[in-house]
Amino acid sequence: MTKRIKTEAPLEDMTRRNFLMASVATAATLAAARALLPSGAYAAPAAPEVTGAKLGFIALTDAAPLMIAKEKGLFAKFGMPDVEVLKQASWGATRDNLMLGGEANGIDGAHILTPMPYLMHTGKVTQNNQPLPMAIVARLNYDCQGISVAQEYAATGVGLDASKLKDAFAAKKAEGKEVKAAMTFPGGTHDLWLRYWLAAGGIDPDKDVSTIVVPPPQMVANMKVGNMDVFCVGEPWNEQLVHQGVGFTAATTGELWKGHPEKALGLRAAFIEKNPNATKAILMAVMEAQQWCEAKENKEEMAAIIGKRQWMNVPTADIIGRLKGDINYGNGRVASGTDLYMKFWKDGVSYPFKSHDAWFLAENIRWGKFAPTTDIKALVDQVNREDLWREAAKDLGVAASDIPASSSRGVETFFDGKTFDPANPSAYLDSLKIKASA
């Protein structure tokens, strides 16, 4: 059960000695935090309504801001020492626990695939199609997902151009075998990256392959026993696949769309309504953790922390390379010091741009998850709470230069030359050749 904040005893009831001890301890804690973390000085907002919340995460590198916020005491710093960061078995489990809510032994929010709050808000992926009002309050990261292929396809030379798999897949199907493409959740980011890549190469993800759902931590094991031909997932699982010699990375998602949004921090709308100050405290803690994760000098420590058993249970060697932009694709291609590393803060990464959410909705219209008549702008306005991010940033003392002036990134360009104008998603959809099967 979530604990309520206890009201402080009146000053006159405290002994002078206890008061001085408390003051010294508080000052020491704040001084240590300021020395360690980038946003030491901030305007203290109103006290959180609760001291705790339950936040879910999947074992992925892009959940690092939640892990670091917990490990570095940042939730406590902002008045919520009892926040729990709880590992989820799959994105389906994340959805189910969000449906329950923290007060019913579920969770109040989560590290989440950006489209999921929209799919849940509209009841597209919930039991009995029951809508669950959701909100996106921050983006957690950009880039650094991967599309990996089984070793048997190495001779095709497939990379960013998926068309090199077309004949191989057709030949396998002609033998009566199934070609399986794995992603982590229908309509989620990995599903959309995989579909975009295949379709750009002339491979219909609805007709030419069978898409299957596999939780991120189980991708490598399933590839090892031949359960799929290709998969899309976040790190560290693509890098681990290469280290185990099971397959290779055809492309990182940053090569599909450089500087693309990925995971989000999603909260139940009911939690926000009931606990606006606690919501701001959570945001401030996560935003400060994102700043820490962004710093190059923290990468080694970050990899060691998030690799711990309670978080990802993965060797540091499977995390650190791509975290720094050093990519061994596993097919003879090695790239060092690239800009394809995972971004957490710089250049507006944390800000939940509405234009980014609009692209995810457009792609889910493309593949039949939403009706063609969906009012993208209206739906984004319901779920995206950029206003809360701005409030938290102000109280956190974020530099004005780090607060975007607009909720739109403008026109985005993809590796195959397609462009997406958030002001005209219909034109984007009309330009795409392969769409959902009738």
Side-chain angles (χ1 to χ4, degrees), residues 60-62 141-169 171-172 179-184 189-190 192-203 205 209 214 216 219-224 226 228-260 262 296 299-300 303 307 314-343 413-418:
L60 289 161
T61 302
D62 46 40
N141 73 295
Y142 284 3
D143 291 342
C144 210
Q145 314 297 292
I147 296 174
S148 290
V149 182
Q151 202 66 51
E152 65 180 282
Y153 297 101
T156 66
V158 65
L160 194 55
D161 179 7
S163 68
K164 294 183 178 182
L165 287 174
K166 193 168 184 178
D167 290 343
F169 283 177
K172 188 167 185 175
V179 177
K180 295 180 181 179
M183 43 75 181
T184 61
T189 56
H190 303 120
L192 299 183
W193 305 134
L194 184 63
R195 286 173 173 273
Y196 194 103
W197 177 71
L198 289 171
I203 300 170
V209 302
V214 177
M219 285 290 190
V220 176
N222 275 274
M223 182 76 88
K224 190 177 294 186
M228 79 270 281
D229 300 88
V230 57
F231 66 64
C232 182
V233 73
E235 295 303 337
W237 309 113
N238 299 283
E239 188 161 10
Q240 185 178 89
L241 181 84
V242 169
H243 287 172
Q244 294 188 11
V246 179
F248 61 95
T249 297
T252 72
T253 50
E255 294 172 270
L256 272 64
W257 171 7
K258 188 176 181 180
H260 72 75
E262 185 41 49
K296 289 183 179 180
K299 300 301 183 185
E300 294 282 352
V314 170
T316 300
D318 288 347
I319 304 170
I320 193 62
R322 299 192 186 197
L323 194 59
K324 290 182 173 181
D326 298 334
I327 305 171
N328 176 3
Y329 287 80
N331 57 0
R333 180 185 175 196
V334 177
S336 299
T338 75
D339 61 355
L340 297 172
Y341 58 87
M342 190 171 289
K343 291 87 173 171
T413 303
F414 307 91
F415 79 105
D416 59 348
K418 298 294 183 185

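Count residues from 1 along the sequence.
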**Message:** Between Y153 and F248 (judged by ring centroids, cut-off 6.0 Å), do the two rings come close enough to count as a pair?
**Reply:**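 No - the distance between ring centres of Y153 and F248 does not fall below the 6.0 Å cut-off.
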Any non-hydrogen side-chain atom of [X] less than 4.5 Å from a side-chain atom of [Y]?
X: K172; Y: E152; result: yes
X: I147; Y: L256; result: yes
X: D62; Y: M342; result: yes
X: I327; Y: T249; result: no
X: N222; Y: F231; result: no
X: E255; Y: H260; result: no

**Message:** Just to verify, which of W193, W197, Y196 counts as forming a ring pair (Phe, Tyr, Trp, His ring centres under 6.0 Å) with F414?
**Reply:**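 Result for ring pair (Phe, Tyr, Trp, His ring centres under 6.0 Å) with F414: Y196.
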**Message:** The criterion is salt bridge (charged side-chain N to carboxylate O under 4.0 Å, His left out); which residues satisfy it with K324, sequence neighbours excluded?
**Reply:** E300
**Prompt:** In chain order, what residues pass the salt bridge (charged side-chain N to carboxylate O under 4.0 Å, His left out) check against D143, with sequence neighbours excluded?
**Reply:**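 Only K343 meet the salt bridge (charged side-chain N to carboxylate O under 4.0 Å, His left out) criterion with D143.
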Rounded distance (nearest 0.5 Å) linking atom [atom1] of [X] with atom [atom2] of [Y]:
X: N331; Y: T156; atom1: CG; atom2: OG1; result: 9.5 Å
X: S148; Y: Y329; atom1: OG; atom2: OH; result: 11.0 Å
X: C144; Y: L340; atom1: SG; atom2: CG; result: 8.0 Å
X: W237; Y: T184; atom1: CH2; atom2: OG1; result: 13.0 Å
X: Y341; Y: K296; atom1: OH; atom2: NZ; result: 6.0 Å
X: H190; Y: M183; atom1: NE2; atom2: CE; result: 11.0 Å

Looking only at non-hydrogen atoms, find the nearest pair between [X] and [Y] and report the distance.
X: A162; Y: I203; result: O-CD1, 3.4 Å
X: L194; Y: A182; result: CD2-O, 3.7 Å
X: I320; Y: A303; result: CD1-CB, 3.9 Å
X: T253; Y: C232; result: CG2-SG, 4.4 Å
X: D416; Y: A200; result: OD2-CB, 3.8 Å
X: G307; Y: I319; result: CA-CD1, 3.7 Å

**Request:** Go through the steps for Q145 and L60 under the test side chain to side chain contact (heavy atoms under 4.5 Å, CB included), then give the verdict.
**Result:** CA-CA 10 Å; Q145 314 297 292; L60 289 161; 5.5 Å; no
Qualifying salt bridge (charged side-chain N to carboxylate O under 4.0 Å, His left out) pairs with a residue from [range], counting only residues at least two apart or across chains:
range: residues 194-203; result: D191-R195, R195-D206
range: residues 159-168; result: none
range: residues 230-246; result: E235-R322

**Request:** For a side-chain hydrogen bond (donor to acceptor under 3.5 Å, both in side chains) with K258, tell me which candidate from D339, T252, T413 qualifies.
**Result:**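 Between K258 and the candidates, side-chain hydrogen bond (donor to acceptor under 3.5 Å, both in side chains) is satisfied uniquely by D339.
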**Item:** side chain to side chain donor-acceptor pair (under 3.5 Å) partners for Q240, two or more places apart
**Value:** D318
**Asked** Under 3.5 Å, side chain of S336 to main-chain N/O of D326, donor-acceptor pair present?
**Response**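 Not a single qualifying donor-acceptor pair exists.
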